[in-house]
Number of protein chains: 2
Amino acid sequence: MSSPVTRNDVARYAGVSTAVVSYVVNDGPRAVSPQARERVLEAIRVLGYRPNATARALRTGSTQTFGLITPDGGNPLFAELAKAIDKAAAERGYVVLQTSADGDPETERTKVAQLLARQVSGLVLVTPTEAPDLSGADVPVVVVNRLLPGVSSVSPRYREGARAAVEHLAGHGHTRIALVIGEGGRRVPERERGWREGLRAAGLPDGPAIRVGFRREGGYLAGQWLVGLEERPTAVFASSDLQAIGLLRALREAGLRVPADVAVVAFDGTPEAEYSWPPLTVVRQPVERMAAEVVRQLVEGTVGEPTAYPTELVVRKSCGC
Amino acid sequence: MSSPVTRNDVARYAGVSTAVVSYVVNDGPRAVSPQARERVLEAIRVLGYRPNATARALRTGSTQTFGLITPDGGNPLFAELAKAIDKAAAERGYVVLQTSADGDPETERTKVAQLLARQVSGLVLVTPTEAPDLSGADVPVVVVNRLLPGVSSVSPRYREGARAAVEHLAGHGHTRIALVIGEGGRRVPERERGWREGLRAAGLPDGPAIRVGFRREGGYLAGQWLVGLEERPTAVFASSDLQAIGLLRALREAGLRVPADVAVVAFDGTPEAEYSWPPLTVVRQPVERMAAEVVRQLVEGTVGEPTAYPTELVVRKSCGC
DNA sequence: TTGAAAGCGGTACCAG
DNA sequence: CTGGTACCGCTTTCAA
């Protein structure tokens, strides 16, 4: 704790004008004599001067900062995504300010407003439901996880990935393949479509489906429902790793073995899924590619076409391979 | 995307001075006539005016914002902590800007500088190692997870918690109790001391100990080391949930059962530990209490005494109860 | 190569 | 109750 040192203090100490201090700090836009530069640098060192980014932003109109809002900080997928976005942004000289909406649309709205008020240079909205009204935003916004017409948005190819998962399961000879899908949005989720498509492609009828929360508890609930079914499915596609983790628990408690009694494939591909028992076969989200694209669109300020990136099936133990 | 609306535009539209706009927006410090207020509110609505927090911060000298740096966004413990801090801060009208240092001291330094440059009103540093030089900071800083003399810091009672875990294990009749401890810092970790104390209190000799990363891979490595030991311990205390998860995997792969062959207790108590197989008995960190205290100290600007909060043993299946 | 000064968007004092 | 205005820290043009 000490009183803040300003550019004025530095100028006075170095015996130059504030303009010169600015030239030195920013390495431009005017040249500075070696002597003056040295004196300024010395002053900065001695005084412990740190430029005020707030003032700079006010003057230049740019904060060189992106805001990132995820639906749930506790979901490892979003943690991974945040990390990847942070990395990609840092490479371009931007700072990412992260915050979580905790799955609450009201909170999400508040966070969006707070970030915009802070004059972020761009906003990343990871949202499981509908995106809030962004019409007031005067900065580029990229929505992740949901393709929105007219808005820059990136997502994995949910449908294709889900379908691949189901076809893989069907390839193991399963004929009753259930779906555990997440809540949110009112349209039919892409992953549900993919599941259905996979079933069709394999000539199978729809299996039972249940809608639950995206987290472990949701999967656990789904599992309890599933084991109580008259015609129990022999395979399940879960729309998130976390759900699959909860599902595994419910199956275990019911004395069912995975994959012997019930095979499982999950969507996401987070580290947690690798350490579950059995290790989960997953449809891996293209986190790095999406992050790179998000940052690219933010930096270039282009309203990109909604784009979906291919997923990858990572085979482990839970599918019965 | 539209051009930014400023207070000037609002004043002009409403036919008042900028001062009056300010009084309306901030509900003070001067009274405004109902008519003027109504006109201003109307102008704000029509124009879609959003106050520029950057300018406000510059003028008032306060951003009403806290910075939070965690060592690893992927660790559920820190996600929980971030959420709790965010909640506590929001109740006091503060916004929390979160970022992760990814376990790299260099990155941590950078992030600290970036946050300070953005004039945060306070900084929370969750750090597994030594804290960086904070002498330049002119705002309150609270360190979490490590008690530092002369710096506001909060942490769980690591030693006490670890000791309770070990004594619990000893109470089950185990006599060879191993330690899996995290890397970082150069002092003897508190959790290691607690483990040793617990052993002493039970009249047991030191068990084998290994230092590995705090995450799943670290625990996995530790597990592989452990199963190869000549005199294999029958119980393990792991310094984080994630390590225990990795440990479980290694034990399973070696054909060992938990808790029958090896009992496990972990430190942290995150949701992930509840869904592992078997569910982990854990020493639960007092996340909410710590978060509340962190925010209190930041808001009040007091350099608090380093304080440690009691943990709680949560008994599940992995200990053999 | 340097300095003076305007102005970014707000706040709040002072005078009316 | 309201308007005019100085100022927060910084950038950058313009003139010297």
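What you see below is based on every heavy atom in this structure, not just the backbone, and it leaves out hydrogens, waters and symmetry mates.
Taking the screw axis at each terminus of the helix from C:dT1-D:dA16 to C:dG16-D:dC1 from five consecutive base pairs, the angle between the two is 50° to within rounding of 10 degrees.
The ring pair (Phe, Tyr, Trp, His ring centres under 6.0 Å) analysis of residues 89-118 of chain A, with sequence neighbours excluded, yields the pairs A:Phe66-A:Tyr94. Residue pairs meeting the ring pair (Phe, Tyr, Trp, His ring centres under 6.0 Å) criterion with at least one partner in residues 104-125 of chain A, sequence neighbours excluded, are absent. Residue pairs meeting the side chain to side chain donor-acceptor pair (under 3.5 Å) criterion with at least one member in residues 28-40 of chain B, sequence neighbours excluded: B:Asp27-B:Arg37.
In this structure, A:Leu68 and A:Thr99 have side chains that are not in contact, with every pair of non-hydrogen atoms separated by 4.5 Å or more.
Using a 4.0 Å cut-off between a side-chain N of Lys or Arg and a carboxylate O of Asp or Glu, A:Asp86 and B:Lys111 qualify as a salt bridge. Using a 4.0 Å cut-off between charged nitrogen and carboxylate oxygen, B:Glu80 and B:Lys83 do not count as a salt-bridge pair. Using a 4.0 Å cut-off between a side-chain N of Lys or Arg and a carboxylate O of Asp or Glu, B:Asp9 and B:Arg12 qualify as a salt bridge. Salt bridge present: A:Arg45 and A:Glu42 bring a charged side-chain N and a carboxylate O closer than 4.0 Å.
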Detail all sub-3.5 Å separations between protein N/O atoms and N/O atoms belonging to nucleotides 2-5 of chain C.
| unit_1 | atom_1 | unit_2 | atom_2 | d |
| --- | --- | --- | --- | --- |
| C:dT2 | OP1 | A:Ser33 | OG | 2.7 |
| C:dT2 | OP2 | A:Ser33 | N | 2.8 |
| C:dG3 | OP2 | A:Ser17 | N | 2.8 |
| C:dG3 | OP2 | A:Ser17 | OG | 3.2 |
| C:dG3 | O6 | A:Tyr23 | OH | 3.2 |

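For the side-chain hydrogen bond (donor to acceptor under 3.5 Å, both in side chains) test, no residue two or more places apart in sequence or in another chain qualifies with A:Thr54. Shown here are the ring pair (Phe, Tyr, Trp, His ring centres under 6.0 Å) partners of A:Tyr158, two or more places apart in sequence or in another chain: A:Phe267. Evaluation of the side chain to side chain contact (heavy atoms under 4.5 Å, CB included) rule for B:Tyr309 yields B:Val154, B:Pro286, B:Arg289, B:Met290, B:Glu293, B:Thr307 as partners, not counting sequence neighbours. For the side chain to side chain contact (heavy atoms under 4.5 Å, CB included) test, residues two or more places apart in sequence or in another chain that qualify with B:Glu91 are B:Lys87. Looking at residues two or more places apart in sequence or on another chain, you find a side chain to side chain contact (heavy atoms under 4.5 Å, CB included) between B:Asp72 and B:Asn75, B:Phe78, B:Arg215.
Near DNA chain D, meaning a heavy atom under 4.0 Å away, the residues from residues 47-62 of chain B are B:Leu58, B:Arg59.
Heavy atoms of A:Ser22 sit under 4.0 angstrom from at least one base atom. Residue A:Asn26 is classed as a sugar-phosphate contact, given heavy-atom separations below 4.0 Å to backbone atoms only.
Chain A approaches DNA chain D within less than 4.0 angstrom (heavy atoms of the protein), and the contacting nucleotides run 5' to 3' from D:dG9 to D:dT13.
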